[in-house]
Amino acid sequence: MTDTECILEPLTLPESPASPAGVAAVEDSPYVPCIFCKECYLLPEQSQLLKHMIIEHKLVIADVKLVADFRRYILYWKKRFAEQPITDFCSVIRTNSEAPLEEQDNYFLLCDVLPEDRLLREQLQQKRLREILEQQQRERDDTSFHSMCMFCDQEFTGNRSVLLNHMAREHAFNIGLPDNIVNCCEFLAVLQEKLDNLQCLYCEKIFRDKNTLKDHMRKKQHRRINAKNKEYDRFYIINYLEFGKSWEEVQSEDDREILDNLEEDWSDWEEHPVCAVCLFCEQQADTTGKLYLHMQKSHGFDFLKIKSEHGLNFYQQVKLVNFIRREIHHCHCYNCQEKFQSKGGLISHMEETKHITFLPPRSTWDQPQYYFPTYENDTLLCTLSDSEDLVTEDQSEDVPVVSEDISNLKALKQSSVLNQLLCEENNSQEKN
């Protein structure tokens, strides 16, 4: 593909010759090396490594908490500092500048003001987001879940939401919607360990025995987790969505938007429909059903049939739509790869040869790069959903969904993570 065929910056991520992927061979090591010397520290000892680099090497790394993968970040800069002088990358901060020269010190600041550093941080964030979304999808589809309730002896198997729903309904213990949680088994294990240590999950006080703890949590209404405890952040999807922002900042922005629009009514959804555009022409439709019908009758492309036959989950549908959008934009037939001078010529070819009706090999389009939209305002992406037809017989039983606080239904709908997942990621890409 030539440089002139670029669509939008959010489409693909630029990669430097020394990409983070270059350190993959040691990514599983429990140790993180110093950027300058042979000192190594365990990953949980991150603060000790930072202290060492400040004291021994005068290096300060800004906003470390915003680095998605600390080990990869350090390994990347260790390689780069071995190739070029530190002053090529860092700002120099001179201390005691008015003192005699021998008493002055130069400190080096590494931060995302440097384009290369910012690009690295963004790449690490995007990689982590892709991994988290894939993990969440596996958990949504998983039917082998097995665990016991933390508050009674009842055992649960099947989907994780069965246990979460039970604890919310029977024990008034609600950690959130299952679809907003990732690494659920690890989350439950962390909570269970705290209870085993006789620790209240909300105020985090330690009690002398189990009965005292249970009475305390019941009487004080402490059957909930402490939202200020950063240990839980890694278990909620919202913390992975936007580069450089915590869930509190994202939620605060959502709340401000809701407060600014208190006079609006839900009827606006019907009065002002958002139109989605056909994958192959400029035709628009105000409902997904009408758009699917148009593509089937006018182009011979049956999206629902393809989704069912290939067993496409939500994220695979997203990648497929973005792949087709890109190929059509470049006037490429996505089956034979023939290039045409115009979009009209391409569509005529694909319809005549029936190349439009079936997909190329899955490995062609089921790629991480297609998580990101070809067009920033592609409304079709916001209407995709998992198909009920893909539920197996073992999953055919109604899987209850944990109900969060619905006293403010409008706030719940507008802040739904799943409804805004791709939009949040797109906005993050646009800002960059």
Side-chain angles (χ1 to χ4, degrees), residues 15-129 131-132 183 186 190 193 204 228-235 239-240 242-249:
E15 295 186 1
S16 63
S19 167
V23 297
V26 292
E27 66 176 348
D28 294 330
S29 170
Y31 292 94
V32 183
C34 171
I35 291 178
F36 301 95
C37 66
K38 296 182 179 180
E39 286 290 322
C40 289
Y41 294 82
L42 290 170
L43 188 57
E45 299 173 344
Q46 171 181 322
S47 60
Q48 295 300 315
L49 173 58
L50 295 172
K51 180 179 178 181
H52 163 79
M53 289 192 292
I54 292 175
I55 296 175
E56 300 297 331
H57 307 289
K58 313 298 185 185
L59 176 70
V60 179
I61 301 177
D63 296 321
V64 175
K65 66 178 182 179
L66 301 182
V67 176
D69 190 328
F70 182 70
R71 183 189 294 111
R72 281 174 170 261
Y73 181 85
I74 293 297
L75 291 173
Y76 177 90
W77 283 117
K78 185 177 182 69
K79 183 176 186 299
R80 294 292 284 132
F81 282 10
E83 297 170 345
Q84 294 177 231
I86 187 173
T87 50
D88 288 355
F89 307 107
C90 298
S91 302
V92 179
I93 303 173
R94 177 168 296 175
T95 62
N96 300 325
S97 58
E98 297 181 358
L101 187 62
E102 63 272 9
E103 296 180 13
Q104 296 180 10
D105 275 324
N106 287 337
Y107 284 81
F108 303 95
L109 177 65
L110 179 61
C111 64
D112 63 2
V113 172
L114 178 70
E116 184 175 351
D117 183 85
R118 180 165 185 82
L119 177 60
L120 173 62
R121 292 175 184 238
E122 291 171 354
Q123 287 179 330
L124 293 175
Q125 168 73 10
Q126 290 155 3
K127 180 179 184 298
R128 183 176 68 168
L129 176 58
E131 292 171 347
I132 287 296
N183 295 319
E186 182 184 354
V190 169
E193 182 180 6
E204 302 185 340
K228 299 297 183 181
N229 189 332
K230 300 299 182 182
E231 180 183 7
Y232 303 135
D233 287 358
R234 69 182 188 273
F235 301 118
N239 290 296
Y240 299 91
E242 192 160 353
F243 175 67
K245 289 189 178 181
S246 67
W247 70 268
E248 292 171 305
E249 293 172 307

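Nothing fancy with the numbering, it's 1 onward along the sequence.
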Which residues pass the side-chain contact (heavy atoms from CB on, under 4.5 Å) test with I54, sequence neighbours left out?
V60, Y107
Which distance, rounded to the nearest 0.5 Å, do you find between the NZ of K230 and the NZ of K65?
7.5 Å
Looking only at heavy atoms, which two atoms of K78 and C34 are closest? And how far apart?
NZ-O, 2.8 Å
Quick check: does any side chain N or O of D117 sit under 3.5 Å from a backbone N or O of D112, one acting as donor and the other as acceptor?
yes
Treating N183 as the side-chain partner and E186 as the backbone partner, does any N or O pair qualify as donor plus acceptor under 3.5 Å?
no
Taken in chain and number order and not counting sequence neighbours, the residues that satisfy salt bridge (charged side-chain N to carboxylate O under 4.0 Å, His left out) with E231 are K194
Name all residues meeting the salt bridge (charged side-chain N to carboxylate O under 4.0 Å, His left out) criterion together with E39; count only those two or more places apart in sequence or in a different chain, and write none if there are none.
none
Which atom pair, heavy atoms only, marks the closest approach of Y240 to D233?
CE1-O, 4.5 Å
Q123-Y76 side chain donor-acceptor pair, cut-off 3.5 Å:
no
Which pairs of donor and acceptor atoms, one on a side chain in residues 86-94, lie under 3.5 Å apart (sequence neighbours left out)?
unit_1 : atom_1 : unit_2 : atom_2 : d
D88    : OD2    : Q84    : NE2    : 3.2
R94    : NE     : N106   : OD1    : 3.2

Which residues pass the salt bridge (charged side-chain N to carboxylate O under 4.0 Å, His left out) test with E131, sequence neighbours left out?
K127
Working to the nearest 0.5 angstrom, can you tell me the gap between I132 CD1 and R234 CZ?
10.5 Å
Check L43 against R71 and note the closest heavy-atom contact, atom names and distance.
CD2-NH2, 3.7 Å
Working to the nearest 0.5 angstrom, can you tell me the gap between R80 CZ and L120 CG?
10.5 Å
Checking V64 now: which residues fulfil side-chain contact (heavy atoms from CB on, under 4.5 Å) with it, not counting sequence neighbours?
Q46, L50, I61, F70
Minimum heavy-atom separation for P33 to L75, with atom names?
CG-CD2, 3.6 Å
Is there a side-chain contact between R121 and D63, using heavy atoms and a 4.5 Å cut-off?
yes
Establish, yes or no, whether a centroid distance under 6.0 Å links the rings of F81 and F36.
yes
Is there a side-chain contact between M53 and I35, using heavy atoms and a 4.5 Å cut-off?
yes
Would you sort out whether L59 and W77 count as a side chain to side chain contact (heavy atoms under 4.5 Å, CB included), showing the intermediate values?
CA-CA 12 Å; L59 176 70; W77 283 117; over 6 Å; no
Taking C-beta and beyond as the side chain, do H57 and H52 meet within less than 4.5 Å on heavy atoms?
yes
Is there a side-chain contact between V32 and Y41, using heavy atoms and a 4.5 Å cut-off?
no
Between D105 and K58, is there a side-chain heavy-atom distance shorter than 4.5 Å?
yes
Looking at every heavy atom in both L109 and A62, which two are closest together, and how far apart are they?
CD1-CB, 4.1 Å
